[in-house]
Structure formats: C-alpha cells, structure tokens
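Positions are given from 1 along the sequence.
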Amino acid sequence: MGFWTKSLRIFNAFCDNAKQSIRQVAQVTGLSKSSVHRLKQAMERRDGYPESWLWDTEEGHGWLRRLVVATLSIFGLKRGVGADSISEFFCRLRLESHVGCSPSALRGVMDVVEHAILETTTAWEQEGIAHGETRPIIGAVDETFLARMMLVFMDLVSGYLLFEEVAEERSYDTWHTLVKARLETLGVRVFYLVSDRAKALIKLAETGLECLSIPDLFHLLHDLVKGYSLAIGSRLRHAQQALKQAQERLATCQASPPGSPELQRAQALVETSDAEVTYWENVHSVYRHHLTTMSLLVHPWCLVDSMRQTSADVERQLHAETRAIEAFITTSGLPVKKKTLDKVRKQLAGVSALVDVWWQRVWQDVQHQVDLTPVWRQWIEELLLPRMYGQEQLSRTRCPRRKAKLCEAWEAVQTAFERHPLTGQLAPAVRIGWETWASEHAKAFQRASSAVEGRNGYLSQMHHNHRGLPKGRYKVWTVLHNFDCRAADGTTPASRFFRRDFPDLFETVLSQIEELPRARRRNQTMALSG
C-alpha cells in the first residue's frame with residue numbers, strides 16, 4: 001500500500017470521527033499504530049494553509065496529480081520550460097508540503113511521463129499498422145540543423161511524422177536506408193515526394209522509391225524572394241529615409257522668405273523624394289503581384305474560369321510569368337540575376353507535372369469504384385472536385401490577397417454546384433460520400449513542403465529553449481506531434497494517417513502515473529541556518 005493510499009484512509013477515518021484515538025483509527029484502517037501516528041503528524045504539518053485539507057482528499061489528490069502531470073507535459077515537454085521554473089510555479093501555489101516540487105523530483109516525474117508516452121504510442125502505432133487503413137503517402141523530406149543534424153520525413157496529407165532521426169550525413173544512402181526501413185515497417189509506399197532540389201533527395205525519389213520527385217513550390221518562390229525582394233526593399237527604405245530628411249530640411253526652411261532659392265530647393269527635393277518613394281512602392285507592389293500570380297497558377301483548375309488545366313497549360317503560364325518578371329526587373333532598373341531565374345526555370349516543368357499526376361490518380365480511383373456516364377464525369381470534374389478543392393485551399397491559405405481570389409472562385413463553383421440538377425438527385429448519404437471522396441483527393445494535391453519547414457522551426461525553438469537535449473527527447477517530440485497535436489476538427493496526424501481513432505494520449509498517460517514524489521522535510525539544522 002502506497003503512502004498516499006495510507007494517508008487517504010487515515011484522513012477519511014478522522015473525517016468520520018475526529019475524536020477517535022490512534023488505536024481506534026489503526027483498528028479501522030488495518031494499519032499499525034505507529035503508521036497512523038506518523039501519518040497523522042504529517043497531515044498536521046501539511047495543514048499550513050486554508051486550502052491544504054483539499055489535497056488530502058481523494059478528489060483533491062487526483063486533481064493534484066493531474067495538475068503536476070499536465071504542467072510537466074504541456075510546459076515542460078511541449079513548451080520547453082525548465083524544471084527550475086516549474087518548481088518555482090508549484091511553490092507559488094503552496095504545494096511544496098504536499099508533493100515533491102524540487103527540480104530533481106520534477107525531472108524524475110518527467111522521465112516517467114516520457115517513458116509512458118513512448119510505450120503507449122509505440123503500442124498504438126502497432127495497432128494502427130495492423131488494423132488501420134493507410135494509403136500511398138505524399139512524402140516531404142528535409143533536414144534541420146540543431147546541436148545535431150536531423151533528417152525529417154513527413155506525410156503531407158495527414159501531417160504524420162514518419163521519422164525525425166539524428167544523422168551524421170545527408171547522403172542518398174543515409175536517406176534511403178532510413179526511409180525504406182520506415183516504409184516497410186508501416187507497410188506503405190510513396191506516391192510522390194516533394195523536396196528541394198538537393199541531388200540526394202531527387203535520387204531518393206526517382207531511384208530509391210521509384211516515384212515522381214516534385215520541386216517544392218515554397219522553395220521556388222523563396223528563391224525569387226531572396227533574389228529581388230531584398231534589393232527592392234533596400235531601395236524603398238533608402239527612398240523613405242531621403243524623403244524624411246528632405247521634409248525635415250523643408251521644415252527648417254519655412255522661416256525663409258517666400259520664393260527664396262533655399263526654400264524652392266527644399267520643396268523640389270521633397271517632391272523628388274516623394275516621387276522616388278512612390279516609384280519603389282509601386283515596384284514592390286507589382287513584384288509581389290507577380291509572386292502571387294505564380295502561386296495561383298499551380299492548381300488543377302484555372303482560377304479565372306474554373307476550367308481544368310493540364311501540366312502543359314501550367315508550365316506555359318509559369319514560363320510566361322517568369323519572362324514577365326525578368327522584363328519587369330529590367331525596366332525597373334534592378335540587376336537581372338540570371339542564375340536565380342535559370343534555377344527557377346529548371347523547376348517549372350517538375351512543379352507543373354504534379355497536375356497531370358493528380359488528375360490520373362483521381363480518374364483511376366473513380367474507375368475502380370463505379371462506372372460513370374459522361375454527364376456524371378463532367379459533374380465531378382467541373383463542380384464536385386473544384387468545390388472541395390477550393391474549400392481545402394481556403395482552409396490552408398493565410399495570405400489575404402490569395403485568399404480573396406480563391407474565395408471568389410470557390411463561391412462561383414459553390415453556387416453552380418448547388419444549382420446543378422445532378423446534385424439535387426443525390427440522397428444525403430450518397431452526397432456526403434462523394435464529398436468525402438473529393439475532399440480526400442483535394443488534400444492529395446501537395447505542391448509545397450512548408451509543413452516540414454514549420455516543423456523545423458518548432459524544433460529549432462524547442463532546442464533553444466532547452467539549451468540542447470539528449471537524443472531521446474527528440475523521439476518524445478515526434479510522438480507528441482503525431483498523437484497529441486489536434487487540428488480544428490479534433491483529429492491528430494496519427495488518426496488521419498491510420499484512418500482510425502486513438503484514445504486521448506494525456507488521459508492514457510495520466511492513468512499510468514499512480515504516485516507523485518513525496519515532499520521532503522528540510523533538515524532542521526539547515527532550516528535554522530537558512
């Protein structure tokens with residue numbers, strides 16, 4: 001019988017009859033008189049504040065256990081708060097007499113929590129492999145540099161991290177060994193792989209996995225941003241500084257007689273500087289418009305008229321937009337960086353290839369399910385799929401400009417979808433089934449690995465907060481992301497990847513933490529000398 005169980009029995013016995021003797025309580029609880037006496041003294045020492053009695057009740061101790069585990073899980077493991085800060089937090093709550101609050105005691109509890117998390121999620125993943133319904137994944141691979149280099153492999157559709165492994169190198173052989181082993185364990189294959197243009201990653205897709213290697217649109221646009229945005233921003237900033245200085249000079253010349261040469265020069269300088277600012281603001285705006293346009297081109301439909309696009313259509317428009325950017329840069333007085341533009345042009349065919357690959361997968365899936373008439377195929381292609389695709393893109397997009405254009409196109413498709421005669425013929429359950437199918441395919445159009453970049457940023461922040469960590473802590477972060485990171489609809493990456501629900505990770509781990517560390521009494525001589 002544990003310490004807290006004994007204390008609870010004695011507490012309840014005295015609550016039933018506070019005038020009972022030590023011998024009577026010992027008889028009622030089945031404990032020795034010395035144990036009853038010792039634990040009763042401990043309760044009296046803990047009863048130092050008005051709320052202290054609560055923590056000795058069954059409900060209070062259960063809530064205290066939840067408080068400690070939740071604080072260590074959320075702030076310690078997920079947010080990188082140190083044990084010393086958490087110890088101070090518990091002491092501010094006046095809990096040091098009821099539970100071990102020292103940093104070393106809290107680190108011990110955190111180790112137990114980590115072990116429980118890893119054991120639980122390992123068992124859940126094995127259940128998911130045995131009973132889940134996984135499909136070919138759309139992978140994204142990248143590396144991040146902390147104290148050690150880490151290789152990251154993610155399924156973009158579900159957000160499930162297949163691995164985050166510390167490695168000494170990022171060669172093809174290292175990537176291939178890790179990826180193949182993980183795919184064999186999960187029993188899945190890769191449909192296509194999104195990555196930057198590192199040679200090892202291209203070879204991993206085309207040779208190792210025998211799938212399509214898609215250039216990352218995120219990196220492609222970032223190359224353009226690095227190439228010219230800094231130059232434009234620098235000129236705009238200098239023009240604004242010059243305008244400010246000209247306005248200050250004009251203000252000092254206001255005391256001069258009207259029409260004086262000095263005042264006229266100051267006014268002319270303000271006008272010239274203002275025109276320069278306006279010019280570079282316009283250049284900045286037009287350049288951002290070109291970047292937005294390139295992003296909006298890479299979709300299965302043209303956003304202007306919602307007509308289906310092919311890879312050739314998309315590639316032709318991307319090349320035209322690239323030429324427009326080059327012409328704009330030339331006329332703006334900025335240096336044309338041929339290497340940057342050539343690097344972008346080399347990736348346009350690969351980015352565009354995703355469109356045809358996506359359409360092929362859609363129609364293959366349809367043919368496996370049901371035989372459709374041309375009318376129904378047209379309804380799927382022109383209304384159902386663009387409607388669900390637009391809905392998915394709207395949920396992802398954060399840029400106000402792009403979101404406004406996507407929303408305008410989606411609203412037009414939504415209106416046409418609801419008014420179409422075939423839509424009205426569908427029973428509610430059948431319509432939900434088609435919408436679910438279309439939504440799954442909409443999520444399968446992944447043109448960027450920005451989710452992996454976001455993950456790398458999180459790892460960097462956590463590593464900084466913890467000031468370096470042992471290798472084992474990275475595995476805990478990985479499974480916390482997979483099994484305890486919930487989207488707006490309440491699903492986790494693991495539930496989306498395996499297509500099955502898992503219990504709540506925190507509640508499962510909490511149920512395995514039976515005892516908290518006991519508060520330690522300070523040595524009396526140390527207390528007197530403190």
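- Under the 3.5 Å distance criterion, the side-chain polar atoms of Arg447 are matched with a main-chain donor or acceptor of Val298.
- For Pro503 against Thr508, the heavy-atom pair with the smallest separation is CB-OG1, 3.8 Å.
- Side chain of Ser449 to main chain of Val452: no donor-acceptor pair is present (N/O by atom type, distance under 3.5 Å, no hydrogens or angles).
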Fill in: Steps toward side-chain contact (heavy atoms from CB on, under 4.5 Å) verdict (Phe445, Ile138)
CA-CA 9 Å; Phe445 191 88; Ile138 296 167; over 6 Å; no
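- Applying the ring-ring contact (aromatic ring centres under 6.0 Å, His included) test to pairs two or more places apart or on separate chains, those with a residue in residues 127-164 are Phe153-Phe163, Tyr160-Phe497, Tyr160-Phe498.
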Item to complete: Check the pair Trp175 / Tyr172 against ring-ring contact (aromatic ring centres under 6.0 Å, His included), numbers first and verdict last.
Response: CA-CA 5 Å; Trp175 271 110; Tyr172 164 76; over 10 Å; no
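- Across Tyr389, Trp358, Trp359, Trp410, a single residue satisfies ring-ring contact (aromatic ring centres under 6.0 Å, His included) together with His299, and that is Tyr389.
- In summary, the side chains of Ser295 and Thr292 do not present any donor paired with an acceptor at a separation below 3.5 Å, with no hydrogens or angles considered.
- Judged by distance alone, the side chains of Thr491 and Asp489 do bring a donor and an acceptor atom under 3.5 Å apart.
- Looking at Arg486, its side chain never comes within 3.5 Å of a backbone N or O of Asp484 through a donor-acceptor pair.
- Ser85 places no side-chain N or O within donor-acceptor distance of the main-chain N or O of Val81, the cut-off being under 3.5 Å.
- A heavy-atom distance below 4.5 Å is found between the side chains of Thr71 and Phe89.
- Not one N or O on the side chain of Ser87 forms a donor-acceptor pair closer than 3.5 Å with the backbone of Ala83.
- Under the 6.0 Å distance and 45° angle rule, Arg377 counts as a cation-pi partner of Trp363.
- With a 4.5 Å cut-off on side-chain heavy atoms, Leu183 and Arg189 do not count as touching.
- Put simply, the side chain of Thr185 gets close to the backbone of Ala181: a donor and an acceptor are under 3.5 Å apart.
- Looking only at side-chain heavy atoms (C-beta outward), Glu453 and His219 come within less than 4.5 Å of each other.
- Ser171 places a side-chain heavy atom less than 4.5 Å from the side chain of Thr174.
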Practice prompt. Check step by step if side-chain contact (heavy atoms from CB on, under 4.5 Å) holds for Arg496 and Asp155.
Written response: CA-CA 10 Å; Arg496 295 190 294 270; Asp155 172 36; over 6 Å; no
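- Within the model, atoms CZ of Arg402 and SG of Cys407 stand 15.0 Å from one another, a figure rounded to the nearest 0.5 Å.
- What you find for Leu64 and His98 is that their closest heavy atoms are CD2-CB, 4.1 Å.
- The distance from the CG atom of Leu318 to the CE atom of Met294 is 5.0 Å, given to the nearest 0.5 Å.
- The CG atom of Leu480 sits 7.5 Å away from the OG atom of Ser73 when rounded to the nearest 0.5 Å.
- In the model, Glu164 has no side-chain atom that pairs as donor or acceptor with a side-chain atom of His481 under 3.5 Å.
- Looking at every heavy atom in both residues, Thr310 comes nearest to Asp356 through CA-OD1, 3.6 Å.
- Taking each heavy atom of Val194 and Gln446 in turn, the nearest pair found is CG2-O, 3.5 Å.
- In this structure, a donor-acceptor pair under 3.5 Å is absent between the side chains of Ser439 and Thr436.
- A donor-acceptor contact shorter than 3.5 Å links the side chain of Ser395 to the backbone of Glu392.
- Considering CG of Asp142 and CG of Leu201, their distance stands at 7.5 Å, rounded to 0.5 Å.
- Remark: His222 NE2 is loosely packed, at most 12 non-hydrogen atoms of other residues, nucleotides or ligands lying under 6.0 Å away.
- Ion pairing between Lys475 and Glu165 holds under the 4.0 Å rule for side-chain N and carboxylate O.
- Counting all heavy atoms, side chain and backbone alike, Arg396 lies closest to Ala442 at NH2-O, 3.8 Å.
- In this structure, Leu72 and Leu77 have side chains that are not in contact, with every pair of non-hydrogen atoms separated by 4.5 Å or more.
- For the pair Thr121/Asn482, no side-chain contact is recorded, criterion being any heavy-atom separation below 4.5 Å from C-beta on.
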Discussion item. Test side-chain contact (heavy atoms from CB on, under 4.5 Å) on Val357 and Phe191; report intermediate values, then the result.
Written reply: CA-CA 10 Å; Val357 170; Phe191 182 54; 3.6 Å; yes
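- Between the side chain of Trp437 and the main chain of Val366, no donor-acceptor pair closer than 3.5 Å is present.
- In this structure, the salt bridge (charged side-chain N to carboxylate O under 4.0 Å, His left out) partners of Arg431, at least two apart in sequence or on a different chain, are Glu418, Glu435.
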When the side chains of residues 346-355 are checked against the rest of the protein, which donor-acceptor pairs come out under 3.5 Å, sequence neighbours left out?
from: Gln347; atom 1: NE2; to: Lys343; atom 2: O; distance (Å): 3.3
from: Ser352; atom 1: OG; to: Glu315; atom 2: N; distance (Å): 3.3
from: Ser352; atom 1: OG; to: Leu348; atom 2: O; distance (Å): 2.7

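- The backbone N or O of Glu133 sits less than 3.5 Å from a side-chain atom of Arg499, completing a donor-acceptor pair.
- Counting only residues at least two apart or on different chains, the salt bridge (Lys or Arg N to Asp or Glu O under 4.0 Å) pairs with a member in residues 59-73 are Arg66-Glu507.
- Taking CG from Leu162 and CG from Leu186, the interatomic distance works out to 5.5 Å, rounded to the nearest 0.5 Å.
- A donor-acceptor contact shorter than 3.5 Å links the side chain of Ser495 to the backbone of Thr492.
- In this structure, Arg500 is positioned above the aromatic face of Phe502, its NZ or CZ under 6.0 Å from the six-membered ring centre and within 45° of the axis.
- Across Glu169 and Leu151, no two heavy atoms sit closer than the pair O-CD1, 4.1 Å.
- At a threshold of 4.5 Å between non-hydrogen side-chain atoms, the residues Met149 and Arg170 count as touching.
- Distance CE/Met154 to CG/Leu161: 4.0 Å, rounded to 0.5 Å.
- The list of salt bridge (Lys or Arg N to Asp or Glu O under 4.0 Å) pairs with a residue in residues 191-218, not counting sequence neighbours, is empty.
- Annotation: salt bridge (charged side-chain N to carboxylate O under 4.0 Å, His left out) contacts of Asp84 (sequence neighbours excluded): Arg107.
- Taking 4.5 Å as the limit, every side-chain heavy atom of Ser213 sits out of range of all side-chain heavy atoms of Tyr192.
- When only modelled atom types and interatomic distance are considered, Ser102 and Glu96 share no side-chain donor-acceptor pair under 3.5 Å.
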Fill in: Pair Met388-Leu384, side-chain contact (heavy atoms from CB on, under 4.5 Å): steps then yes or no
CA-CA 6 Å; Met388 302 311 298; Leu384 175 64; 4.3 Å; yes
